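Data block below; observations after.
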2 protein chains.
Amino acid sequence: MDELPRISDSEWEIMKVIWAKSPATAADVIHALRDNKSWKEKTIKTLISRLLQKGILTYEQVNRVYYYTPTISEEECKRTERESFLQRVYGGALKPMLVHFLQEEKLSSQEIAELKKILSDKEK
Amino acid sequence: MDELPRISDSEWEIMKVIWAKSPATAADVIHALRDNKSWKEKTIKTLISRLLQKGILTYEQVNRVYYYTPTISEEECKRTERESFLQRVYGGALKPMLVHFLQEEKLSSQEIAELKKILSDKEK
DNA sequence: CATTAACGACTACAAGTGTAATCGATAAAC
DNA sequence: GTTTATCGATTACACTTGTAGTCGTTAATG
């Protein structure tokens, strides 16, 4: 993969569904998003088409049903997004970003313990 | 401020300069970005105009020199971006996002210590 | 078989973005 | 004073994004 194309906000919604249910049909996606998104079916179809064009999805046709599969892993996309967010908003400065998130958001004490453990492990 | 408009990637570059040097002229921005961005002056002017239109900048004219000032604080914009990133990519799940960042990126042992302290304080 | 329903393909269209160039006014330089 | 250099305002233009609608084919229904 030479250059990974941008995935827009709306496209992310589609991708999250398809990553979760890997060979997914358009109907699957429509069904999965029916409740939390007020998109028309056609809108979802359009987004899927664009993801195909961008090469982020492929499909396999079985009895005239299209099964869509991601060509990029969710982890890879997430990493790209993390990098781009970190760069764009914090100029790449990791610690200040983490501090903001930690101070701003809520975490259970169990989650805090896990994070501390990760940090300790990292400390080596 | 009712609805805060989106700040695009390029616009962020401009804003970072202006936040850093609060009443800034176009020349200041052009100068600050000359090295790491290959934008033409006109491009920077356009971006500044759009930020004005969006109401994210105001200007004060002193002897035909325009001094631009942000109307929104950097912290507020960062918070918005953090929220949007967290929501879009991780569906709002804070801990997994933090785990990814912690595992993937480099931190000095001092930074690790600081983060652990923040976590401990949070634990209360 | 003919009608209809469903699906993907193609078309639509305005707003936002990246990336500038041109225009018009005015200030600085001769 | 006239020319020129600046500066912001206006215009340009293709691509992306959000948000669908229409078309043509084919499958299911009757």
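Residue numbers begin at 1 in each chain, while the letters A, B, ... track the order of the sequences. It should be emphasised that the depicted structure is a prediction, and the values quoted were computed from it without experimental measurement.
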Taking [atom1] from [X] and [atom2] from [N], how many angstroms apart are they, rounded to a whole number?
X	N	atom1	atom2	result
B:Tyr67	D:dG8	OH	P	11 Å
B:Glu60	D:dG8	CD	C1'	17 Å
B:Lys45	C:dT19	NZ	P	18 Å
B:Ile44	D:dA9	CD1	C1'	17 Å
B:Gln61	D:dC7	CD	C1'	10 Å
B:His31	D:dC7	NE2	P	14 Å
B:Leu57	D:dG8	CG	P	13 Å
A:Ile56	D:dT17	CD1	C1'	13 Å

Check A:Arg6 with B:Asp9, please: is the shortest side-chain N to carboxylate O separation under 4.0 Å?
yes

salt_bridge(A:Glu41, A:Lys45) N-O dist < 4.0 Å
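Looking at A:Glu41 and A:Lys45, the cut-off is not met.
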
CG on B:Leu119 to CG on A:Leu119, rounded to 0.5 Å:
6.5 Å

Between the CG atom in B:Leu51 and the OG1 atom in B:Thr58, the distance rounded to the nearest 0.5 Å is 11.0 Å

With heavy atoms under 4.0 Å as the rule, sort A:Ser38 into base, sugar-phosphate or nothing.
sugar-phosphate

B:Lys42 (side chain) and C:dT19 (base): donor-acceptor pair under 3.5 Å
no

Take atom CD of A:Gln110 as the centre, draw a 6.0 Å sphere, and report whether it contains more than 12 heavy atoms from other residues, nucleotides or ligands.
no

Is the shortest side-chain N/O distance from A:Arg64 to OP1 or OP2 of C:dC7 below 4.0 Å?
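For A:Arg64, the contact criterion (side-chain N or O under 4.0 Å from OP1 or OP2 of C:dC7) is not met.
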
Compare side-chain N and O positions of A:Lys40 against OP1 and OP2 of D:dT19 and report whether any pair is under 4.0 Å apart.
no

Backbone N or O of B:Ile72 within a donor-acceptor pair of the B:Trp19 side chain at under 3.5 Å?
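Present.
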
Would you please classify the geometry between the A:Tyr90 ring and the A:Phe85 ring as parallel, tilted or perpendicular, with 30° and 60° separating the classes?
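Rings of A:Phe85 and A:Tyr90: perpendicular, over 60°.
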
Distances under 3.5 Å only, N/O to N/O: pair up the protein atoms with those of nucleotides 12-18 of chain C.
unit_1	atom_1	unit_2	atom_2	d
C:dT17	OP2	B:Lys54	NZ	2.9
C:dG18	OP1	B:Ser10	N	3.3
C:dG18	OP1	B:Ser10	OG	3.2
C:dG18	OP2	B:Ser8	OG	2.7
C:dG18	OP2	B:Ser10	OG	3.3
C:dG18	O5'	B:Ser10	OG	3.4
C:dG18	N7	B:Arg50	NH1	2.8
C:dG18	N7	B:Arg50	NH2	3.4
C:dG18	O6	B:Arg50	NH2	2.8

